[in-house]
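For reference, the structure is listed below as structure tokens.
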Amino acid sequence: MATNSSDYGAYTEKFTLQPPSSHQLPLTGLIFAVKDIFDVDGYVAGFGNPDWARTHTGAVSTAPAVLDMLKAGATCVGKTVMDEMAYSINGENIHYGTPTNPCAADRIPGGSSSGSAVAVGAKLVDFSLGTDTGGSVRVPASHCGIFGFRPSHGIVSTSGVIPMAQSFDTVGWFARDPVILKRVGKILLKLRDDNPARFNRLIIAEDCFKLSSIPSERLTKALISSIEKLHGSQKIEYASLGKYVEDNVPSLKYFSNNGTKNQEDSIPSLVALSSARHLLQRYEFKNNHSEWVLSVKPDLGLEIAERVWKALQTTDEKIDICYSLKTELRAALNALLGDSSILAMPTVSDPPAKLQIEPTTRETLNARALSLLSVAGVSGFCQVSIPLGTHDGLPIAVSLLANHGSDGFLLNFVESIDTTLKRQ
């Protein structure tokens with residue numbers, strides 16, 4: 001169960017797993033926690049729901065991602081609260097409680113890797129592991145004022161991790177500073193030595209920043225100033241990401257809603273992208289979990305239950321188009337960024353919402369966020385959420401995206417601009 005208020009309600013279970021060696025290793029001295037979706041030998045992966053925990057047995061091995069951390073010298077101190085069945089980006093859980101956002105106690109922490117983000121944000125651990133399918137590392141990182149990294153799809157092993165939707169599932173991680181973020185990343189990504197940064201240009205997705213309820217200048221000024229100082233203003237370009245995606249991803253037309261035309265409230269091509277991602281996620285979730293849901297009939301929170309039920313109704317109509325769309329988007333963004341350019345956009349469109357707000361309002365906020373989050377989700381590109389302090393007392397963040405497989409480049413870049421970014 002979630003523990004007391006002194007640990008911000010971040011944990012479902014506390015234990016200590018020591019590294020197998022006492023030698024000085026890359027992560028020696030660091031402590032971490034893992035989302036309750038990872039297998040840890042002898043413990044049940046609870047998947048955010050008591051009925052799941054009740055109907056599953058303890059793992060007989062530990063997930064490779066967790067083992068890699070232990071073998072690199074880190075100590076694991078427990079499992080963290082998550083949204084039920086990883087099916088939310090809000091961070092609220094009716095069974096285990098909602099982990100307290102360390103930046104704003106009356107606001108959601110973001111999910112589904114809520115406890116993992118809170119544990120880092122509240123300085124309970126040095127780093128933590130989560131998963132990101134639709135935004136479950138990037139959203140809580142933004143909401144809790146910390147760094148969150150979603151790696152390129154398929155790069156970090158998801159073995160020993162309960163699947164949500166395999167076309168999008170990734171193992172991500174949280175840290176409070178880019179040095180630890182990179183140290184953890186080097187182990188998970190199996191990077192050898194530092195590749196010298198070969199940065200070419202930063203592309204500012206102007207339309208995405210205009211979508212945000214935070215003033216564009218507040219989100220971009222420090223980043224632009226840092227790039228100008230380190231690399232010169234000639235390295236900065238501006239683009240309409242929505243227009244670029246619309247022009248270069250032909251399969252989007254099958255998901256377009258002609259009623260979505262108001263640029264101020266949405267970016268139509270990214271809304272269509274999000275629709276395609278939702279459909280494929282529901283389809284794969286159904287294939288993974290319908291048998292268990294129908295046989296156990298678990299007690300689920302109302303909003304989660306509605307999503308699960310909708311997933312169970314999904315057919316294979318348009319699924320082939322979803323797979324084509326993934327390929328098209330990756331090719332389009334590869335042409336835009338190559339191996340040495342970075343795309344900047346808001347992590348989410350709005351600051352963290354108040355706890356237990358009205359469901360319709362929450363769905364509107366989530367839809368806005370998911371249109372932005374779907375860019376990396378569908379393309380499989382790597383993305384990092386970078387904290388930018390607060391605006392009106394609430395945490396805000398900017399995101400950087402790089403090509404599939406350019407994870408090491410992106411981690412190096414984030415570390416290289418950090419000092420300059422903090423001075424802005």
Side-chain angles (χ1 to χ4, degrees), residues 132 135 137-138 147-156 168 170 172 178 181-182 185 189 191 194-211 219-220 223-224 226-228 230-252 267 269-270 273-274 276-277 324-347 371-386 397-417 421:
D132 188 310
V137 164
R138 294 163 289 166
F147 289 84
F149 199 92
R150 175 196 163 97
S152 299
H153 185 259
I155 297 284
V156 178
F168 311 111
T170 61
L181 191 79
K182 180 176 154 185
L189 297 160
L191 300 174
D194 282 358
N195 293 318
R198 55 193 191 285
F199 172 68
N200 179 30
R201 61 185 175 148
L202 178 76
I203 301 173
I204 307 283
E206 282 189 293
D207 53 339
C208 296
F209 284 104
K210 287 176 183 171
L211 179 69
L219 291 174
T220 59
L223 180 63
I224 290 169
S226 297
I227 301 305
E228 287 176 341
L230 293 169
H231 300 284
S233 58
Q234 76 279 2
K235 294 287 189 178
I236 301 170
E237 295 182 13
Y238 297 84
S240 170
L241 182 62
K243 181 73 167 64
Y244 181 82
V245 169
E246 183 181 349
D247 291 345
N248 291 280
V249 184
S251 292
L252 267 185
I267 300 170
S269 62
L270 300 190
L273 193 65
S274 185
R277 188 198 59 76
S324 298
L325 192 151
K326 276 170 56 72
T327 304
E328 291 168 10
L329 181 66
R330 183 177 293 192
L333 292 182
N334 178 53
L336 180 67
L337 297 181
D339 291 328
S340 54
S341 293
I342 289 171
L343 180 68
M345 62 193 297
T347 304
S371 68
L372 299 175
L373 295 161
S374 293
V375 176
V378 177
S379 67
F381 278 32
C382 51
Q383 179 174 352
V384 60
S385 182
I386 301 172
V398 69
S399 262
L400 302 179
L401 283 76
N403 206 333
H404 186 273
S406 293
D407 306 61
F409 164 61
L410 186 57
L411 284 166
N412 283 341
F413 183 80
V414 173
E415 186 182 28
S416 74
I417 66 170
L421 201 56

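Basis for what follows: all heavy atoms, side chains included, without hydrogens, waters or symmetry-related copies. This chain uses plain numbering: 1 for the first residue, then up along the sequence.
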Nearest 0.5 Å please: distance from the [atom1] atom of [X] over to the [atom2] atom of [Y].
| X | Y | atom1 | atom2 | value |
| --- | --- | --- | --- | --- |
| Leu325 | Arg277 | CG | CZ | 12.0 Å |
| Ile386 | Leu181 | CD1 | CG | 9.0 Å |
| Ser341 | Leu333 | OG | CG | 12.0 Å |
| Leu252 | Glu246 | CG | CD | 8.0 Å |
| Cys382 | Ile155 | SG | CD1 | 8.5 Å |
| Leu411 | Phe147 | CG | CZ | 10.5 Å |

Looking at every heavy atom in both [X] and [Y], which two are closest together, and how far apart are they?
| X | Y | answer |
| --- | --- | --- |
| Ile417 | Ser226 | O-OG, 4.5 Å |
| Phe199 | Ile342 | CD1-CD1, 4.3 Å |
| Ser371 | Leu211 | OG-CD2, 4.0 Å |

Counting N and O atoms only, with roles assigned by atom type, does the side chain of [X] sit under 3.5 Å from a partner on the main chain of [Y], one being a donor and the other an acceptor?
| X | Y | result |
| --- | --- | --- |
| Ser379 | Val375 | yes |
| Thr170 | Pro151 | no |
| Asp207 | Leu241 | yes |

Given the rule in the salt bridge (Lys or Arg N to Asp or Glu O under 4.0 Å) test, do Arg138 and Asp132 qualify, once you have shown the distances and angles that lead to the verdict? CA-CA 7 Å; Arg138 294 163 289 166; Asp132 188 310; 2.9 Å; yes
Under the side chain to side chain donor-acceptor pair (under 3.5 Å) test, residues paired with Glu328 that sit two or more places apart: Ser251
Qualifying residues under side chain to side chain donor-acceptor pair (under 3.5 Å), relative to Glu237, sequence neighbours excluded: Arg201
Residue pair Leu337, Phe381: steps toward the side-chain contact (heavy atoms from CB on, under 4.5 Å) verdict: CA-CA 11 Å; Leu337 297 181; Phe381 278 32; 3.9 Å; yes
Side chains of Ile267 and Cys208 in contact at under 4.5 Å (non-hydrogen atoms): yes
Evaluation steps, side-chain contact (heavy atoms from CB on, under 4.5 Å), between Ile203 and Tyr238: CA-CA 5 Å; Ile203 301 173; Tyr238 297 84; over 6 Å; no
Name all residues meeting the side-chain contact (heavy atoms from CB on, under 4.5 Å) criterion together with Thr220; count only those two or more places apart in sequence or in a different chain, and write none if there are none. Ile204, Phe209, Ile224
Asp247: salt bridge (Lys or Arg N to Asp or Glu O under 4.0 Å) partners, not counting sequence neighbours: Lys243
Walk me through it: do Val414 and Lys182 pass the test side-chain contact (heavy atoms from CB on, under 4.5 Å)? CA-CA 9 Å; Val414 173; Lys182 180 176 154 185; over 6 Å; no
Review item, side-chain donor-acceptor pairs of residues 397-409, under 3.5 Å, at least two apart:
from: Ser399; atom 1: OG; to: Thr347; atom 2: OG1; distance (Å): 2.8
from: Ser399; atom 1: OG; to: Gln383; atom 2: NE2; distance (Å): 2.8
from: Ser399; atom 1: OG; to: Val384; atom 2: O; distance (Å): 3.3
from: Asn403; atom 1: ND2; to: Asn334; atom 2: OD1; distance (Å): 2.6
from: Asn403; atom 1: ND2; to: Gly338; atom 2: O; distance (Å): 2.9
from: His404; atom 1: NE2; to: His153; atom 2: O; distance (Å): 2.8
from: Asp407; atom 1: OD1; to: Ser152; atom 2: OG; distance (Å): 2.6
from: Asp407; atom 1: OD2; to: Ser152; atom 2: N; distance (Å): 2.7
from: Asp407; atom 1: OD2; to: Ser152; atom 2: OG; distance (Å): 3.4

